[in-house]
There are 2 protein chains.
Amino acid sequence: MQHFTHHSEENYLKTLYKLENGKVKKVNNIALSKALELNPATVLEMVRKMAERQLVELLADKTIQLTDKGRKKALQIIRKHRLWEVFLVDKLNYKWNEVHDLAEQLEHIESDDLIQRLEAFLGFPSVDPHGDPIPDEHGKLKKIKTQPLSDAPIKKKVTVASLANSSNEFLKYLDKAGISIGDKLEVLEVEAFDGSMKVLHKKSSITLSNEAASNILVVV
Amino acid sequence: MQHFTHHSEENYLKTLYKLENGKVKKVNNIALSKALELNPATVLEMVRKMAERQLVELLADKTIQLTDKGRKKALQIIRKHRLWEVFLVDKLNYKWNEVHDLAEQLEHIESDDLIQRLEAFLGFPSVDPHGDPIPDEHGKLKKIKTQPLSDAPIKKKVTVASLANSSNEFLKYLDKAGISIGDKLEVLEVEAFDGSMKVLHKKSSITLSNEAASNILVVV
DNA sequence: TCATAAAATTTGGGATGCCAAATAAAATAA
DNA sequence: TTATTTTATTTGGCATCCCAAATTTTATGA
């Protein structure tokens, strides 16, 4: 019977990848600890082990950085996570804001073959239910040029591509508003005072705060 | 991020259940150790912990026995295992002899809701790809009255229901012979000398050893 | 019954991951 | 520059599962 070897390591890799590709440039021990919700002592210990395994580098200024090898591994996990999310939403009818924790478990299943078959079964989706692109089997990631809805041109039809914020609160907010990835929107009017906007959505006009609009990423 | 707490325990429960419901009546430490491929010291330690958790009982004669609580848990795991096997075969086109190790991983995913949805998605199958019945959500198991093909009446059409032996060798053997769960068979002739038999299968006559025939379970 | 084989148990470790609390080092503010 | 805060690191431990090598108990056969 088999163990989930380096199951934790996978969480470190994924989290590190997300931090490096998020707002933060330099990831230090504290930042990683907070993101993983683990004790800094724990994280330091693990990071050192991962450095031995050539998955991360500890720079002179204490920055923790993924190596190419580590980044590749991280992308494999993200690939698995996102494909399982598609499965959960498309096949098991979960809502997009319900799938994260389950995908978190499923992403650790070890089998490249399984993932290839799953991908084919799902019809080679290019994005997950949150609109985030799914890396290919080599870890390549297609980037989609998106912009916040708050910056979108007025009176142009745009499509919801992904979200800048995947917090549960925001996902629920969008769910209540009925907004999903792939929906068409059109900015009707922007309020100069607070940046809130009137937006056409499914033939009706809704109002979004600047906060909400800046977290909805769209393609023109 | 979440741990697979008591992941091992689930393997103990499942293995114990299978031993108790197999040929062996009394399961001792050695038998369980062998089945789990673990050191007896390890198994003893774990069994004692599981006894504290009321999952097993250690009888006076050293027999290890599942409690009702333990059996219920074991059946939940078997349920998950078998449903995932159906998924792998029906949806991802795996062969029935390829799915065991993957299902072994998937069965540890923690979510009752996921399993219910998976079951619905698969169309509420009653048996797994090996013909073994899938326990319902309460752990109830429909028993099918099967008999070894070697005991089947002559010149009666019977249906392959399950296998008494799920070893990889046997599964491959059946795969080569083209015999699957649900296939119709008819015993044409039994050789008194060695118990081998001529069997009608898909309009052609094949010969099976007594060894093979006694591991193929059929319903009349 | 007595020797021997088999099974059960004890003992001392190991690896992985985790934590709290103490200390050291570095960065920031006054 | 010194005091304060933040970050990094060390230390000692804990829980879960696992092992090998005794040792003790129990069974079995002669």
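Convention: sequence-line order gives letters A, B, ...; per-chain numbering from 1.
Within the structure, ring pair (Phe, Tyr, Trp, His ring centres under 6.0 Å) contacts touching residues 58-86 of chain A (residues at least two apart or in different chains) are His81(A)-His100(A), Trp84(A)-Phe87(A). Screening residues 117-135 of chain B for salt bridge (Lys or Arg N to Asp or Glu O under 4.0 Å) gives Arg79(B)-Glu119(B), Arg82(B)-Asp128(B), Asp113(B)-Arg117(B) as the qualifying pairs, with residues at least two apart or on separate chains. Residue pairs meeting the salt bridge (Lys or Arg N to Asp or Glu O under 4.0 Å) criterion with at least one partner in residues 54-67 of chain A, sequence neighbours excluded, are Lys26(A)-Asp61(A).
Taking atom CD1 of Ile64(A) as the reference point, atom C1' of dA8(D) lies 10 Å away to the nearest angstrom. If you take CG of Leu38(B) and C1' of dT16(D), they are 13 Å apart, rounded to a whole angstrom. One interatomic measurement links the two molecules: CG of Asn11(B) to P of dT16(D), which rounds to 16 Å at whole-angstrom precision. For Leu58(A) and dA8(D), the CG to C1' distance is 11 Å, given to the nearest whole Å. Taking atom CG on Leu32(A) and atom C1' on dA8(D), their separation rounds to 13 Å, with Å as the unit. Atom CG of Asn29(A) and atom C1' of dT10(D) are 13 Å apart (whole Å). Atom CG in Asn39(B) sits roughly 16 Å away from atom P in dG14(C) (whole-Å rounding). In this structure, Ile30(A) places its CD1 atom 13 Å from C1' of dA27(C), rounding to the nearest Å.
For the salt bridge (Lys or Arg N to Asp or Glu O under 4.0 Å) test, no residue two or more places apart in sequence or in another chain qualifies with Asp90(A). The side chain to side chain contact (heavy atoms under 4.5 Å, CB included) search around Tyr173(A) returns Phe170(A), Leu208(A), Ala212(A), not counting sequence neighbours. For Ser33(B), the side-chain hydrogen bond (donor to acceptor under 3.5 Å, both in side chains) partners two or more places apart in sequence, or in a different chain, are Asn29(B). Shown here are the side-chain hydrogen bond (donor to acceptor under 3.5 Å, both in side chains) partners of Asn168(A), two or more places apart in sequence or in another chain: there are none.
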Close N or O pairs between protein and nucleotides 23-26 of chain C (under 3.5 Å):
none

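Under a cutoff of 6.0 Å and an axis angle of 45°, Lys91(A) and Phe121(A) form a cation-pi pair.
The base of dC17(D) lies outside donor-acceptor range of the side chain of Glu45(B), with no N or O pair under 3.5 Å.
Contact annotation: Ser8(A) side-chain N/O to dT16(C) OP1/OP2 distance is not under 4.0 Å. The phosphate of dC19(D) has OP1 or OP2 within less than 4.0 Å of a side-chain N or O from Thr42(B). Within the structure, every side-chain polar atom (N or O) of Tyr12(A) is placed at least 4.0 Å from both OP1 and OP2 of dT16(C).
Contacts between residues 46-57 of chain B and DNA chain D, counted as heavy-atom distances below 4.0 Å, involve Met46(B).
A salt bridge links Arg71(A) to Asp68(A): one of the charged nitrogens lies within less than 4.0 Å of a carboxylate oxygen.
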